[in-house]
Amino acid sequence: MAENKQLLPGDKYTEILEGGTIRLTAKTVQFGSNVFQFHNVTGFGIAKVDTIKIPLTSLLILFIIGLFIANLPNISVFGLLIILGAIAGVISNFTQPQRYGLGLYLNSGHMKVFVTTDVRGLKVVVDDLCNYMENNKLGGYVVNIVGGNVTGNYIGGDASDSGLSYR
């Protein structure tokens with residue numbers, strides 16, 4: 001399990017997914033319309049996901065251009081708007097939360113990353129998934145990533161011998 005691997009949004013082997021539900025059983029891993037055989041999963045881990053930020057040099061250039069335009073008599077308001085835009089860009093760059101993801105590593109070398117900002121919940125879920133993989137428990141495990149929060153629950157039991165018939 002790779003901890004804190006840095007991910008870039010353009011990596012062709014990595015698919016970054018915004019939230020969802022992951023269902024694990026002894027034989028399958030399912031999220032959305034994707035189903036993988038459990039033995040094709042090599043591990044789970046925590047990955048740091050880069051956020052998209054405006055380069056500071058671009059913001060500095062905008063700020064300087066705004067200063068020049070603000071000193072021109074007929075379009076000084078436009079220059080002030082450019083200056084405010086550059087300042088807003090700097091503030092946006094520094095206030096973005098660091099995003100992490102639950103990495104699902106596959107035998108093919110591909111990785112699916114479910115993005116969140118809840119590092120504490122992510123660590124608990126990765127530990128639980130590790131225990132689930134090692135203990136061969138009956139039932140399954142469900143991971144929910146909703147609104148930046150991560151939770152995980154064991155779904156226990158075996159319904160195969162329940163005597164129920166379905167029509």
Side-chain angles (χ1 to χ4, degrees), residues 1-24 28-36 40-133 141-153:
M1 311 231 188
E3 178 116 1
N4 291 333
K5 179 180 177 184
Q6 188 75 23
L7 292 178
L8 301 173
D11 184 0
K12 70 178 183 175
Y13 297 109
T14 302
E15 184 178 356
I16 297 177
L17 306 165
E18 298 288 334
T21 300
I22 308 167
R23 292 176 183 82
L24 293 99
T28 62
V29 176
Q30 176 188 4
F31 53 92
S33 60
N34 297 312
V35 179
F36 296 96
N40 286 334
V41 175
T42 58
F44 298 92
I46 298 173
K48 188 185 242 185
V49 179
D50 275 349
T51 54
I52 298 172
K53 296 184 178 184
I54 304 168
L56 288 177
T57 54
S58 299
L59 294 172
L60 181 63
I61 290 169
L62 272 177
F63 186 79
I64 292 169
I65 290 171
L67 286 175
F68 283 125
I69 294 175
N71 289 323
L72 297 175
N74 293 336
I75 54 172
S76 63
V77 173
F78 185 63
L80 291 174
L81 290 175
I82 293 175
I83 291 170
L84 290 175
I87 292 170
V90 170
I91 291 170
S92 172
N93 281 352
F94 287 112
T95 59
Q96 286 183 13
Q98 178 60 56
R99 297 180 339 151
Y100 292 88
L102 173 62
L104 173 67
Y105 305 99
L106 304 173
N107 283 344
S108 64
H110 289 80
M111 180 167 63
K112 310 289 184 187
V113 178
F114 298 87
V115 178
T116 182
T117 54
D118 182 11
V119 181
R120 186 178 302 137
L122 207 53
K123 288 179 181 179
V124 169
V125 166
V126 168
D127 288 343
D128 285 350
L129 287 171
C130 217
N131 290 334
Y132 179 78
M133 288 176 79
Y141 191 81
V142 177
V143 178
N144 290 306
I145 301 175
V146 179
N149 295 322
V150 181
T151 58
N153 296 307

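Numbering starts at 1 and runs along the sequence shown.
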Next on the checklist: Distance check, rounded to the nearest 0.5 Å: F68 atom CZ versus I82 atom CD1?
Outcome noted: 12.5 Å
Item to check | Closest contact, heavy atoms only, I46 versus V126 | outcome: CG1-CG2, 3.9 Å
Checklist outcome for this item: Separation between CG (D127) and CG (L122), nearest 0.5 Å, reads 10.0 Å
Item to check | Atom of G45, atom of Y105 and distance for their closest heavy-atom approach | outcome: N-CE1, 3.4 Å
Item to check | Separation between CD1 of I65 and CZ of F78, rounded to the nearest 0.5 Å | outcome: 10.0 Å
Checklist outcome for this item: Shortest non-hydrogen pair, S76 vs A70, comes out as CB-O, 3.1 Å
Checklist entry - How long is the gap from CG on L62 to CD1 on I69, to the nearest 0.5 Å? => result 9.5 Å
Item to check | N93 CG to I54 CD1 distance, which is reported to the nearest 0.5 Å | outcome: 5.5 Å
Item to check | Reported CD1-to-CZ distance for the pair I52 and R99, which is rounded to 0.5 angstrom | outcome: 7.5 Å
